[in-house]
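Notes for the one structure printed next.
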Amino acid sequence: MRVLVTGAAGQLGRDLVAELDRLRTVEVTGAGRKDLDVSDRDMVMTAVNGLRPDVIVHAAAWTAVDGCETDPERAFKVNSLGTRNIAEAARFFGSHVCYVSTDYVFDGRAGRAYVEWDQPNPLSVYGRSKLGGELELDPGSTVVRTSWVCGAHGSNIVRTVLELASRGQTLRFVDDQWGCPTFTPGLASKITLLALERRAGVYHVTHQGPTSWYGFVQAILEAAGQPVSLVQPIKTAELDPPRPAPRPAYSVLDNAAMRLSGLELLPEWHEPLGDLVKALKG
Ligand SMILES: NC(=O)c1ccc[n+]([C@@H]2O[C@H](COP(=O)([O-])OP(=O)(O)OC[C@H]3O[C@@H](n4cnc5c(N)ncnc54)[C@H](OP(=O)(O)O)[C@@H]3O)[C@@H](O)[C@H]2O)c1
């Protein structure tokens with residue numbers, strides 16, 4: 001089986017390629033932005049024609065949430081049109097698409113965890129552009145929505161907090177935005193399973209257990225052996241300057257489709273956080 005991974009230089013993309021590589025039955029090609037700019041239709045058509053992948057795991061995206069808010073043209077070009085290009089090439093050459101999407105497609109106002117069949121209503125340009133990507137896909141495609149992704153190979157909150165804490169800096173993080181932290185090794189293994197089985201439809205895939213950014217940072221400090229008192233809770237309204245993009249207040253994803261399909265869920269998030277902290281400090 002041949003598999004193409006887009007966004008392969010990103011934090012999730014790198015662990016996806018590693019996970020697929022481990023399976024001896026799969027021939028994996030990881031393409032970063034330089035090899036495969038998904039917003040370039042000709043480039044996508046040529047690459048997919050050349051590789052003829054059975055499965056395309058489409059992890060490429062412009063993920064700078066505040067950047068997207070100030071440059072919507074680029075956000076829609078990469079995240080929505082780029083996914084249109086992938087879907088079109090896949091349709092033409094007979095590949096199955098697995099698209100990685102986000103909890104930010106929801107407005108976070110439900111006050112409960114979202115199931116796959118809830119109505120999206122993104123608050124930000126990033127969320128709208130990623131939902132735009134979902135809308136480009138053929139019905140048989142796989143969509144994996146995830147949240148608060150952290151891995152060893154990218155910039156993320158765990159890396160940031162470790163750097164700031166090592167300088168003894170006091171941190172302020174919001175306690176009124178809630179979600180589920182998700183770590184790339186576990187996420188990559190679930191995406192691989194769903195993609196290779198060509199499961200149709202939307203799956204929420206996160207580690208288990210809701211927390212706020214403040215609660216998450218407390219846990220990161222604890223795992224790193226730093227004083228938890230280094231972080232102070234604030235409200236989103238107190239952020240100075242305010243972030244350009246609005247975020248959902250409660251975008252916890254219920255992994256309902258996996259659970260109801262009898263698939264094993266990713267575990268609670270504290271243990272994989274400990275593993276990542278160890279890897280980053282090591
Ligand atoms: N990070 C999160 O918290 C989070 C949460 C939910 C869902 N997701 C989704 O998970 C997926 C992976 O995200 P990630 O955390 O691994 O982010 P990431 O580290 O930013 O990886 C995304 C990769 O896509 C590449 N890319 C950007 N524009 C591209 C283009 N036009 N053509 C091809 N590649 C392009 C980026 O390259 P450059 O760096 O060179 O621009 C980057 O290597 C994305 O689809 C994202 O929307 C992420």
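Bear in mind the structure is a predicted one, so any value in this text is a computation, not a measurement. We count ligands from 1, going down the list as the structure has it; atoms in each ligand are counted the same way.
The distance criterion of under 3.5 Å between nitrogen or oxygen atoms is met by D37 with respect to ligand 1. At a 3.5 angstrom cut-off on N or O pairs, K130 counts as close to ligand 1.
The protein non-hydrogen atom at the shortest distance from atom 5 (C) of ligand 1 is V149 CG2, 3.7 Å. Ranking protein heavy atoms by distance to atom 42 (C) of ligand 1, first place goes to G10 CA, 4.0 Å. In terms of protein heavy-atom proximity, atom 6 (C) of ligand 1 is nearest to T146 O, 3.3 Å. Considering only non-hydrogen protein atoms, atom 32 (N) of ligand 1 sits nearest to V38 N, 2.9 Å. A61 O, 4.1 Å is the protein heavy atom nearest to atom 36 (C) of ligand 1. Summary of contacts: the protein heavy atom closest to atom 15 (O) of ligand 1 is Q11 NE2, 3.0 Å. Of the protein's heavy atoms, A59 O, 3.4 Å lies nearest to atom 12 (C) of ligand 1. Summary of contacts: the protein heavy atom closest to atom 30 (C) of ligand 1 is R33 CD, 3.5 Å.
Grouping Ile, Leu, Val, Met, Phe, Trp and Tyr residues whose side-chain heavy atoms lie under 4.5 Å apart, directly or via other members, places L131 in a hydrophobic cluster with V105, F106, Y114, L135, L253.
Residue contacts with ligand 1 for T63 involve side-chain atoms from C-beta outward but no N, CA, C or O (heavy atoms, distance under 4.0 Å). Under 4.0 angstrom from ligand 1, the non-hydrogen atoms of Y126 all belong to its side chain. Contact annotation for L12 and ligand 1: heavy atoms of both the backbone and the side chain come within less than 4.0 Å of the ligand.
For the residue pair S147/D103, the side-chain donor-acceptor check at 3.5 Å is not satisfied. Checking E136 against T83 by side-chain atom types alone, no donor-acceptor pair falls below 3.5 Å. Remark: the T170 side chain and the Q232 side chain contain no N/O donor-acceptor pair separated by less than 3.5 Å.
Near A9, with a cut-off below 4.0 Å to any heavy atom, the atoms of ligand 1 are 43 (O). The L36 neighbourhood of ligand 1 comprises atoms 32 (N), 33 (C), with distances under 4.0 Å to a heavy atom of that residue. Atoms of ligand 1 found under 4.0 Å from any heavy atom of S101 (numbered from 1 in listed order, with element): 6 (C), 7 (C). Proximity to W148 (heavy-atom distance under 4.0 Å) selects the following atoms of ligand 1: 3 (O), 5 (C). The atoms of ligand 1 that sit less than 4.0 Å from any heavy atom of T102 are 6 (C), 7 (C).
Nearest residue to atom 10 (O) of ligand 1 from V100, T83, N85 is V100 (criterion: closest heavy atom).
No side-chain heavy atom of T29 sits under 4.5 Å from any side-chain heavy atom of P53. Counting heavy atoms from C-beta on, the side chains of D66 and R247 come closer than 4.5 Å.
In this structure, F183 and F216 have perpendicular ring planes: the angle between them is above 60°, well past the 30° mark.
Electrostatic pairing of E19 and R22 counts as a salt bridge here, judged by a charged N lying under 4.0 Å from a carboxylate O.
For residues 264-282, the pairs satisfying side chain to side chain donor-acceptor pair (under 3.5 Å) are E268-H270, with sequence neighbours left out.
Taking OG1 of T182 as the start and CG of L12 as the end, the distance is 10.5 Å to the nearest 0.5 Å.
The two atoms that bring V115 and A256 nearest to each other are CG1-CB, 3.8 Å, heavy atoms only.
No chain of hydrophobic side-chain contacts below 4.5 Å, direct or via other Ile, Leu, Val, Met, Phe, Trp or Tyr residues, connects V143 to V5.
Using a 4.0 Å threshold on non-hydrogen atoms, atom 1 (N) of ligand 1 counts as touching the protein.
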